[in-house]
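Here's the structure we're looking at; comments come further down.
As the structure is a prediction and not an experimental result, all values here were calculated from the model. Letters A, B, ... are given to chains in the order of the sequence lines, protein chains preceding strands, and every chain is numbered from 1.
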Amino acid sequence: MAEMTYRQALHDTLRAEMLRDEAVFLMGEEIGVFEGSYKITAGLLAEFGPRRVRDAPISEEGFVGAAVGAAMLGLRPVVEIMTLNFSLLAIDQIVNHAAKIHAMFGGQASVPLVVRTPGGGGQQLAATHSQNIEVYYAHMPGLKVVAPATPADAKGLLAAAVRDDDPVMVVENLALYNTRGEVPDGDYVAELGRAKVVKEGTDITVVSYSRGALVALEVAGRLEAEGISAEVVDLRSLRPLDRPTICASVRKTTRAVVLEDDWLSYGVGAEVAATIQEGAFGYLDAPVRRVAAAEVPLPYSKPLESAALPSAAALLKVAHETLDATGFPR
Amino acid sequence: MANSSRASARVEAQGRGDKSQGGLGAGDGRRAAPPLALADVPAEVLVGYYRQMKLVRAFELRASEMYTKAKIGGYCHLNLGEEATVVGLMAALRPTDYLFTTYREHGYALARGAPPGRVMAELFGKATGSSRGWGGSMHLFDASLRLMGGYGIVGGQIPPATGAALAIAYRSGPGPDSEAVMCLMGDGTTNIGAFHESLNLAALWRLPIVYVIVNNGLGMGTPVDQASAEPELYKRGCAYRMPGARVDGCDVLAVRQAAEAALSAARNDRQPSILEAVSYRLRGHSVVDPARYRPKEEAERLRSLDPVPAFRARLVQAGVMDEARAAQVDAEADEAVADAVRFAEDSPFPDPSQLFDHAYATAVPNAPSYLPGDPLPA
Ligand SMILES: Cc1ncc(C[n+]2csc(CCOP(=O)(O)OP(=O)(O)O)c2C)c(N)n1
Ligand SMILES: [Mg+2]
C-alpha cells in the first residue's frame, strides 16, 4: 500500500498499462505536450513518445471514432475526453458504434476501448461544464460504465477497463483528483460490475458513487456519532449495476437513501430505488429517498451553485427524516 | 444534378495544394497512367468482373422481390446501377486490406467474396447470416474478409475506418506491402461532421486510407448540388490538402485503376485521398421508395447508362466472350442467387435463448440478462 492522490493513481495506472502492453496507447486533446487538462498524463509523452501518446485536434467525434476503429483492429486505445460534457460531441461514436459493434455484427468484432473523462459540478464552471450525465451511458447496453470514488478504485477499475475487451467509460470526477487514499501496490486489477460495502452498518443504507460515496462516508461518520449505524454502498459500476449487493444491504438495514450528483428525474437514484422496491420491498420500513441535484442547468454564482448541488447537510437531513419516519429512536 | 456534369474524361484529379497537374497525388510528382484498355486485362479477369457485376444485379433483384414477399424486414438498400463501381473497387482491394462500408453494401460483400447464401441469410435474419442475424441488410460483417461492417448511421463508419488506418500505421511503416483501408460513403454523407473531422485527422496523421464517395446523384431524394456547396465532391478534401480524383463509376476498369492508384498512395506514401465514383441509382433510395421525385426523362436517361448490359455488350463486341459464354454467365448468376435464397430459406432462425450471447465480449458480473417481465436479481 502507498498513499497517493486519485490523479497519481490514474497516472501510474496508465503508465503501468502502457509498459505492460504495447497495444495500449493514449489519445486525446492536449494530453501530450500540455500534459493533460488535469495533468493525468503528465510526463507520458516524454517517456513513450508521440506514437503512444497521441495529441488529437478538437474533434471529439473524430478521435473517439478513430479509437473505435483502432480497437476493432486489436489495439487498446485509452481516450481522454477533457470533460464528460464534451463526450456529447462523440456520443454517436460511443452509443451508436462502440456500444453496438460487438452485438450488431454477431460477436465477430469487439471494441476494447477505454474512454476516461471527468464529470462533476461545484467548480463554478456553469451550465455546460458541470454536468453529471453518466446515466446517458449507464443506460446503454454494450457499454460498461465505472465511476471510481477512491484512488484505489481509480487504479483497480482503470486497469480492469484497459484489459477488458468491451468499451468501458471511466467516469472520473473533477472534485476527486486531489483526494488521497491508500492504493494497493503492484498489479492490482479490480472487478468490473461489482458494488462494494465501504462501511458496514445496521440501521440505514446510503447508496452512492464517485464523489457522492465520500460524502456518504462523511455523513455516516456523523450519524455514528449520534449512535446511528449507517451502511454505505459505493456502486463503483453503473453498468452493469450490482443489484444484489444493494438489496442485501437494505434487507439488513430496512432503510435506504441514495445520494447522487446527477439530476433526480431518471437518474441513478431512480434505478436504485426501483431495484430496492422490487428486491427488498418486504424489508423496507420507509420509502427510499433520493438526494440529487436540483433540476436546473447549473448556475455559475457560488450561492446558486451550492444550493443546486447535493450536500452532506442535505443527505444528513434526509437520513434523519427516513429514520424518524419509522420511529427510530435518536 | 452532379450527374449532369459526369466526367467526360475517365479521371479528373486534383492534387495537393493549388497546382492541379492531373493525376492522383500530383503534388508528389506522380503522373496519371494511361487508361486501362480491355486489351490490358486478361480475358478471364474481364469475364470475372462481368460475372460479379451480374451476380450483384441478380442478387439485388431477388432481394427486392424477397423484401416485397416480407422475407426481408427493416430497410433494404440496393446497389442496382452501381455494379461497375462495386466490382471495380473490390477488384482493387487486396485480401489484407480493410473495408468499411455503408448500409448499401450487399454488392460489396458479394464482390469481396462473401458467400451469397450467407448474405441472403442475413437479410432473412437467419443464424447462418453474415452477422448471425444480428445486423440485417445494413450491417453485414465478415471478419475473414476484413469486411469491417456495413453501417446504418450515415457517416458513422468514417471515424472507425480512419482509426483502422491509424492501427495499421501504429503497427508498421509504409511500403508496397502495407495494408490499407477503403472507406465507402455516399454523396450525401460528405455533409456530415464526422467526414470532415476524419479527413483532417487522416491528412494530419498521414494514414493509409482511401475515402471513396459513391456519387449516385442523390441522398434519398436530394440532388447533390442541393446538399453540397461544393458539388464536385472529389474536391471536398481541399481544406485538408487531401488529393481527390473523380472517375466514371460506370466503367469497371477505370474504377479499378483509380482505386489502385489511390490505394498505392495510401500504402507507399501514407497519402490519404478521396476517390469519387460518379455512379447512379437505378431505383429508389430503398426497396420501398418509388422515386417519384425523379423526372421520367432523367430516369430513362439513366437506364440507358446501365453498366451491366453495357459491360456485357462491350466484352461480346471485343470478342472477350461470345454470346453463349455470356448467356452461361448470366444463368450461373441466377443459379447462385437461387441457391442463396434456398440456403436462406432452409437456415434456422437464431434461438431466443441466444439473446444475451453477444452482450459483452468479456463476461462481467451482474450483466443484465433478464427478459421483459422477468424478476430482477436481488
Ligand atoms: C445520421 C443519419 N441521418 C440520417 C439518416 C437517414 N438516411 C439514411 S440514408 C440517407 C441518405 C444518404 O445519402 P448518400 O450519402 O448519398 O448515400 P446513398 O443512400 O445515396 O447511397 C439518409 C438521410 C441516417 N441513416 N443517419
Ligand atoms: Mg447518394
Between [X] (side chain) and [Y] (backbone), is there a donor-acceptor pair under 3.5 Å?
X         : Y         : result
Arg132(B) : Phe105(A) : no
Asn366(B) : Leu241(A) : no
Glu278(A) : Leu376(B) : yes
Arg239(A) : Ala367(B) : no

- Query: Hey, mind stepping through Phe141(B) and Gln108(A) against side-chain contact (heavy atoms from CB on, under 4.5 Å) and telling me if it holds?
  - Reply: CA-CA 8 Å; Phe141(B) 191 98; Gln108(A) 295 176 89; 3.6 Å; yes
- Task: Could you grab the distance from atom CG of Leu166(B) to atom CG of Leu73(A), nearest 0.5 Å is fine?
- Result: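 So the gap between those two atoms works out to 10.0 Å.
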- Query: If you round to the nearest 0.5 Å, how far is NE2 of His358(B) from NZ of Lys100(A)?
  - Reply: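 Those atoms lie 16.0 Å apart.
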Which bit of [X] is near chain B, if near means a heavy-atom gap under 4.5 Å: side chain, backbone, both or neither?
X         : answer
Arg163(A) : neither
Ile246(A) : neither
Asp242(A) : both
Ala23(A)  : backbone
Leu143(A) : backbone

Answer with side chain, backbone, both or neither: which region of [X] has an atom nearer than 4.5 Å to a non-hydrogen atom of chain A?
X         : value
Tyr98(B)  : side chain
Leu204(B) : side chain
Ala194(B) : both
Pro375(B) : both
Leu201(B) : side chain

- Task: Can you see which heavy atom on Ala56(A) is nearest to which on Trp205(B), and at what distance?
- Result: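 Minimum heavy-atom separation between Ala56(A) and Trp205(B): CA-CZ2, 3.9 Å.
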- Message: Applying the side-chain contact (heavy atoms from CB on, under 4.5 Å) criterion to Tyr360(B), which one of Leu192(A), Asp166(A), Asp165(A) satisfies it?
- Response: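 The side-chain contact (heavy atoms from CB on, under 4.5 Å) with Tyr360(B) is passed solely by Asp166(A) among Leu192(A), Asp166(A), Asp165(A).
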Name the option with the most non-hydrogen atom pairs under 4.5 Å to chain A; the candidates are [options].
options                                    : value
Trp134(B), Phe100(B), Tyr170(B)            : Tyr170(B)
Gln354(B), His139(B), His196(B)            : His139(B)
Val364(B), Ile168(B), Leu207(B), Thr162(B) : Val364(B)

Based on non-hydrogen pairs under 4.5 Å, which of [options] is most in contact with chain B?
options                                  : result
Gly279(A), Pro77(A), Gly62(A), Ala103(A) : Ala103(A)
Arg251(A), Gln93(A), Glu60(A)            : Gln93(A)
Gly74(A), Cys247(A), Ser59(A), Pro57(A)  : Ser59(A)
Met72(A), Arg54(A), Glu191(A), Glu22(A)  : Arg54(A)

With a 6.0 Å cut-off (strictly less than), is the heavy-atom count around [atom1] of [X], excluding the residue itself, greater than 12?
X         : atom1 : answer
Phe356(B) : CZ    : yes
Leu355(B) : CG    : yes
Tyr75(B)  : OH    : no
Tyr188(A) : OH    : yes
Lys252(A) : NZ    : yes

- Query: Which residues in residues 143-161 of chain B have a heavy atom less than 4.5 Å from any heavy atom of chain A?
  - Reply: Ala143(B), Met148(B), Gly149(B), Gly150(B), Tyr151(B), Ile153(B), Gly156(B), Gln157(B), Pro159(B), Pro160(B)
